[in-house]
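Any value given below was found using the heavy atoms of this structure, including those in side chains, with hydrogens, waters and symmetry copies removed. For the single chain, residues carry numbers from 1 onward in sequence order.
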Amino acid sequence: MAYGVKSLRFIQLGAETTMGTEADATTIWRGGGTMIDDEVIEFVEEDVGYLQSQGRTYIPKVGALLELDETPATFEQLGYLLVMGVDGAVTGIADGAGGGYVYTYNLATTAVTTPKTYTLECGDNNQEYQCTYGFCEEFELSGAKNEAVMMSGRLRGRQYASGTKTASVSVPTVEEILFNKGK
């Protein structure tokens with residue numbers, strides 16, 4: 001197995017127009033993480049008159065899991081975790097004459113919300129892996145006085161597969177959310 005250069009690793013996200021249909025990446029995730037093949041292979045034990053196994057297996061589940069490492073939360077990237085995990089229908093409303101937006105997430109108590117799905121791309125200078133139907137099954141926000149708010153998450157996708165990196169995606173400019181200035 002060949003390994004690439006760690007400093008050339010990347011995580012890219014692309015919003016899917018139709019759930020489960022591959023989309024080109026439109027942003028780079030400014031943080032670390034690891035994509036894991038979550039496929040389960042079951043080996044069947046059987047008595048068929050041979051000393052060694054006959055190699056009978058089945059695959060009851062395929063999937064991909066992208067564990068996002070804890071990183072400082074930013075106004076620009078926290079929204080990805082929220083639309084992938086809470087409500088994909090929320091859109092921002094301009095906050096005055098500036099470039100800021102306000103996103104309101106009303107947590108449902110009686111209705112089911114539909115998260116927005118993303119194509120997830122991960123890799124390095126040697127190989128790229130991707131999965132479609134990516135959604136955020138879990139995220140965490142934490143913070144402490146005189147520090148940035150921290151975010152991490154777990155994204156789950158349909159199936160882990162080799163792919164081709166979307167080229168020419170630029171690294172976004174971000175602004176950290178400071179714990180002391182939040183409410």
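V40 and L66 are not part of a single hydrophobic cluster, where members link through side-chain heavy atoms under 4.5 Å apart. In this structure, L141 is a member of the same hydrophobic cluster as L68, with clusters built from ILVMFWY side-chain heavy atoms closer than 4.5 Å.
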Residues 78-85, side-chain donor-acceptor partners within the protein, below 3.5 Å, at least two apart:
none

Check: residues 166-175 side-chain donor-acceptor pairs under 3.5 Å, at least two apart:
from : atom 1 : to   : atom 2 : distance (Å)
T166 : OG1    : A25  : N      : 3.1
T166 : OG1    : E121 : OE1    : 3.4
T166 : OG1    : E121 : OE2    : 2.7

Return a table of donor-acceptor pairs under 3.5 angstrom between the side chains of residues 142-156 and protein atoms on other chains or two or more places apart.
from : atom 1 : to   : atom 2 : distance (Å)
S142 : OG     : E70  : OE2    : 3.4
N146 : OD1    : N180 : ND2    : 2.7
R154 : NE     : E67  : OE2    : 2.9
R154 : NH1    : E138 : OE1    : 3.1
R156 : NE     : E137 : OE1    : 2.7
R156 : NH1    : D38  : OD2    : 2.6
R156 : NH2    : E137 : OE2    : 3.4

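Among residues at least two apart or in separate chains, side-chain hydrogen bond (donor to acceptor under 3.5 Å, both in side chains) pairs with a member in residues 22-35 are E22-Q130.
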**M35/Y160 under side-chain contact (heavy atoms from CB on, under 4.5 Å): CA gap, chis, key distance, verdict** = CA-CA 8 Å; M35 186 178 282; Y160 183 86; 3.8 Å; yes

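For F135, the ring pair (Phe, Tyr, Trp, His ring centres under 6.0 Å) criterion is met by no residue, not counting sequence neighbours. Checked against salt bridge (charged side-chain N to carboxylate O under 4.0 Å, His left out), E46 has the following partners two or more places apart in sequence or in another chain: R56. In terms of the side-chain contact (heavy atoms from CB on, under 4.5 Å) criterion, T17 has no residue partners (sequence neighbours excluded). For the side-chain contact (heavy atoms from CB on, under 4.5 Å) test, residues two or more places apart in sequence or in another chain that qualify with S162 are Q127, Y129.
Contact check for C131 versus T119: no side-chain heavy atoms found under the 4.5 Å cut-off.
Closest of all the heavy-atom pairs between G134 and E16 is N-OE2, 4.4 Å.
In this structure, V48 shares a hydrophobic cluster with Y50, the cluster being traced through Ile, Leu, Val, Met, Phe, Trp and Tyr side chains under 4.5 angstrom apart. Grouping Ile, Leu, Val, Met, Phe, Trp and Tyr by side-chain contacts under 4.5 Å, direct or through others, puts Y58 with V44. Applying the under-4.5 Å side-chain rule to Ile, Leu, Val, Met, Phe, Trp and Tyr, the cluster around Y133 extends to M19. Listed by chain and number, the hydrophobic cluster partners of V62 are I41, F43, I59, where partners are ILVMFWY side chains within reach of under 4.5 Å, directly or through others.
Remark: F10 CZ to D124 CG distance equals 7.0 Å, nearest 0.5 Å.
A donor-acceptor pair under 3.5 Å is formed between the side chain of T74 and the backbone N or O of Q77.
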